[in-house]
Asker: 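Okay, here's the structure, questions in a sec.
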Amino acid sequence: MHLLEAAGARILLDAGLFQGSRAEAAKKNAQLPFDARRINAVVLSHAHIDHSGRLPLLVRHGFHGPIYSTPATRDLCAVMLPDSAHIQEKDAEFLARHRRPKGPESEPLYSMADALAVQELIVGQPYRRIHHLRKHLAFEFTEAGHILGSASVDLRMTEDDGLRLVFSGDVGRSGLPIIRDPDPPTGPIDCLIVESTYGDREHETTGDAEARLGEIVRRTAARGGKVLVPAFALGRTQELVYSLHQLFRAGQIPEVPIYVDSPLAVETTSVFRMHPEVFDRKERLVERGDHILDFRLVRYVSDVDDSKRLNTLDGPAVIISASGMCEAGRILHHLANHIGDHRNVVLFVGFQAEHTLGRRLVEGEREVRIFGAKVERRAEVEVIGGYSAHADKHELRAWVKRLGGPIRRAFVVHGEPDSAEAMAAILRQEGVKDVTIPALGQAFDL
Ligand SMILES: [Zn+2]
């Protein structure tokens, strides 16, 4: 969340929710470091909760819009924010029942009504169209290539000497399934705010990822096993379905049923179906005009009873379910049922944070706790890194080069300290003299 004061206006770039350990995050999330009633507008880069998740809190504190986002981001928020509110309400309810004395986290951060109110304030703004926020303040969105609808923000102030500020949002990657490649703004930039999630890491290529996915499904199906994939409902699930569709058409995987078992994933997938205008036309299936997320093998499961029926499923299958780090959700039931069978594979395709069940499995633990009971893991564990939606260090450097510049000043955000330092080094190597890693709450005169 970045607050910009310019041309007599107070503009917020993103309003994300801190994620991580509950007590610490709850404290940070509850405090808005400004008066929400005095914010004139929000410009939102994309629908991930760490960028959009505090919009309902702004509304709760008296913010009354507008919020600008791409149309796809607006429609994804209509699904993601009520889900976030539901989690807030459930968590608070649980803590109120089980914890004495009550802490600040036993009050929900915001309610379903707050989340629904946000939707009325979001104005869809297409890519590459200049929008005037004020007489001397305008912006446009450019493709960030990270998830459906994701954008970088190109802001121009024309008062005095003028100033151009570019906010990267989250920088994606070339070659991701469905999503277009990043298309950053170009030319001289006075101030760059850039993310640094993977500033110090490298990914497998996306092509290698698909080949490995095919190999794992073939091998597991041949021995009668199931592939369980814990996956984030937004982005990763749709990319996997797309990859499996492509593999099936190419004869690279056998006829195994594929289940997407997550109500949120089912809803986010329907938002994808509403926005073919932002699909990558260079990709084979998109170009053919196929229904990219619907084919003979795939079933979308919302209903709880349908989900339970998957427990007694015989024979090979692919089950994609949330949450991505195995901390909650239906994936836990599938793991409890299938992790003891050596024919099965648990396939990880996303980041696993410390202290999560997903991380313990990735680290090879043989015995884990699921729903409080000890379970012995006999299933194989596989990891595919190539589906990451964030640019790695080489792709971040390529993105900076494409900006062209010169870049007068840069601020490195959205990364652990080591990644942020690595990104700052990349910027200096690319000729940016003034590079800052700002602390939370720090202010700068541009
Ligand atoms: Zn993101």
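Just so you know, ligand 1 is whichever comes first in the structure, and atom 1 is the first atom listed for that ligand. Reckoned from all heavy atoms, side chains included, excluding hydrogens, waters and symmetry mates.
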Asker: Can you list everything that forms a ring pair (Phe, Tyr, Trp, His ring centres under 6.0 Å) with His334? Sequence neighbours excluded, please.
Answerer: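 With neighbours one apart ignored, the set is empty.
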Asker: Can you list the residues that meet the ring pair (Phe, Tyr, Trp, His ring centres under 6.0 Å) rule with His146, with sequence neighbours excluded?
Answerer: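 Checked His146 against ring pair (Phe, Tyr, Trp, His ring centres under 6.0 Å); matches are His46, His48, His390.
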Asker: Please lay out, stage by stage, how Thr356 and Glu327 fare under the test side-chain hydrogen bond (donor to acceptor under 3.5 Å, both in side chains).
Answerer: CA-CA 6 Å; Thr356 60; Glu327 281 303 274; 4.9 Å; no
Asker: Could you tell me if His245 and His291 have a donor-acceptor pair between their side chains, going purely by distance under 3.5 Å?
Answerer: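 Result is no, nothing qualifies.
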Asker: Would you say Asp14's side chain and Ser45's backbone share a donor-acceptor pair under 3.5 angstrom?
Answerer: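 At least one qualifying donor-acceptor pair exists.
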Asker: I'd like to check the ring pair (Phe, Tyr, Trp, His ring centres under 6.0 Å) partners of His131; sequence neighbours left out, ordered by chain and number.
Answerer: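 With sequence neighbours excluded, His131 shows a ring pair (Phe, Tyr, Trp, His ring centres under 6.0 Å) to Tyr68, Phe139, given in chain and number order.
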Asker: What protein N/O/S atoms lie closer than 2.8 Å to the Zn ion (ligand 1)?
Answerer: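 The answer is His46 NE2, His48 ND1, His146 NE2, Asp170 OD2.
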